[in-house]
Amino acid sequence: MMVSGSPIGAARAVELGIVDRLAGEGRLREDATAFARSIVGQPVVLVRDRQDRVDPYRGKPELFAEFRKKNARAFRGFKAPENIVRAIEAAVALPFDQGIARERALFEELESSIESQAQRYAFFAERNTSKIPDVPPATRTLEVNTVGVIGAGTMGGGIAMNFLNAGIPVTLVEMSQEALDRGVGVIRRNYENSAKRGRLTEAQVDQRLALIRPTLDLTALAEVDLVIEAVFEEMAVKKEIFARLDGIAKPGAILASNTSFLDLDEIAAATSRPEWVIGMHFFSPANVMRLLEVVRGRMTSNEVIATAMKLAKRIDKVPVLSRVCWGFIANRIMVQRDRQADVLVLEGPTPQEIDRAIYDYGFAMGPFQMIDLVGLDVINREVKERTVAGDLVKLDRLGQKKNGGYYDYDDNRKATPSPVAAEIIAEFARFKGVESKGAQTPDEIVCRLLYPVVNEGAKLLEEGIALRASDIDMAAILGYNWPVYTGGPMFWADMVGLSQIVAKLKWYEAQFGERFKPAALLEKLAAEGGSFTRN
Ligand SMILES: NC(=O)c1ccc[n+]([C@@H]2O[C@H](COP(=O)([O-])OP(=O)(O)OC[C@H]3O[C@@H](n4cnc5c(N)ncnc54)[C@H](O)[C@@H]3O)[C@@H](O)[C@H]2O)c1
């Protein structure tokens, strides 16, 4: 309980012995009085003098070691869980007064830490995302009781699950029976796996599956309140679908696209009702990741925006509002990191050194591990020019799924550095005329990959794409698992110091060119001693 911070109900607290007695509903006074009477005259044992809960743990350091080991992954990078464990160790090993003093010291250490500031900031940042200056809280919202999802691929299936989980029926449209069956099959397997892990009952699985209406007929969407399109990322395909939807959907239906990079206004212009068109951009896996970017087109009405923001909460997402631009918020900033990784790997640092630095910063994995996981063919699909990933694909190295990618993999998908990939990288560096400058420190790698993310965040603010720096932080934390204990890129930048970031970007600019030029807003704030996240 202490390391997770998850609240429990009163009944469970009685079970655990945290409280003595629970009063009956509406009987607080009588039950409390009766309880008080029942203990009058009995010897009072102070909690500090009770040993029954502590004794079984004395002289068993292995209990703590096991707990640490079991939770190492979940605790990585966080200071609080470790200090909590230490406080309990002190409670077990020391007399009460010393234990309390130790706990106080451990608490004070946390209270003043950057991690604590960052997490308190993130807590409020999450609650702030739904405040939109020109869409007041009183804005009328529309009823959404039925949803249509077009495309039952990677995203469409996950998107559908969000609504099924909330008890909202989903009409799922595909192009072929095969694709439809596959899509519904994946949803079923996901639910069955949850049931196996005890997270859902069989009845709940059945209830959810019963809410899916699979179909090949787009006109089945005539009566739904909201349509979310999740077909291939191609403008022509999306425009055709929206033009057809325009003739099918009832008046007052919201027409949403899950596009990652395309111009939502152009999609909206394929309809006669652009004020009803909005972006609802989920992150993969869509049934898991908590971020929902709500993309506001030039013409999107306030009611439609307010409805999407409210609906996000109903399906347990955190909505972050974005205006239209290439990649919106999360993808646009994080692409900067991955681009730098692609360039840096030609300059000497190996994929594993780069991945290690990013992992140690607090991400679940580095950019090359990520590409290997997703598949080099998938990442490289739209790319026209020659790239390292493209060269690896030519050798049929597609990542974890086939022949390795940036790494080699054994049968258990354990990664080892790949001599083949190293040679491909070296060959590509020669092709590009990039000279190796040898290894770099992890700090240097982190600056090179993440300062451009901060700079892009500043541009988002300058251009009015994001409403506030804390929205950008939420998008990075909830869409890309940016470590929450850094507060996200913008909060982190404030902690590093904006003038330090500007100086470094200028140094990169001098060496590598314009791409690193600090955004005007970033330069201005640095010059004024200002900050992104403190007012
Ligand atoms: N994969 C991701 O990580 C991710 C994340 C966020 C957003 N997106 C966006 O979501 C959309 C879908 O991506 P995906 O990864 O799920 O692709 P996908 O290829 O896995 O799925 C697309 C599905 O759409 C179906 N489809 C295509 N045209 C159709 C039509 N006319 N009618 C009905 N169904 C049709 C296809 O049969 C396919 O099953 C894209 O716009 C993508 O940019 C993807």
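What you see is a predicted model, and the numbers here were worked out from it, not measured in a lab. When a residue number appears, it is its place in the shown sequence, counting from 1. Just so you know, ligand 1 is whichever comes first in the structure, and atom 1 is the first atom listed for that ligand.
Using a cutoff of 4.0 Å between basic side-chain nitrogens and carboxylate oxygens, Arg290 and Glu126 are scored as salt-bridged. Salt-bridge check for Glu456 with Arg339: failed, with every basic side-chain N at 4.0 Å or more from each acidic carboxylate O. The residues Arg332 and Glu463 are annotated as salt-bridged, a charged nitrogen and a carboxylate oxygen being separated by less than 4.0 angstrom.
Closer than 4.0 angstrom to ligand 1 by heavy atom are Ile150, Gly151, Gly153, Thr154, Met155, Val173, Glu174, Met175, Ala230, Val231, Phe232, Glu233, Lys238, Ile241, Asn258, Thr259, Ser260, His281, Phe282, Ser284, sorted by chain and number.
With no hydrogens or angles considered, no side-chain donor-acceptor pair links Asp355 and Tyr406 at under 3.5 Å.
Asn455 places a side-chain N or O within donor-acceptor distance of the main-chain N or O of Lys517, the cut-off being under 3.5 Å.
By the side-chain hydrogen bond (donor to acceptor under 3.5 Å, both in side chains) test, Ser418 is found to be paired with Arg397, Asp408, residues two or more places apart in sequence or in another chain being considered.
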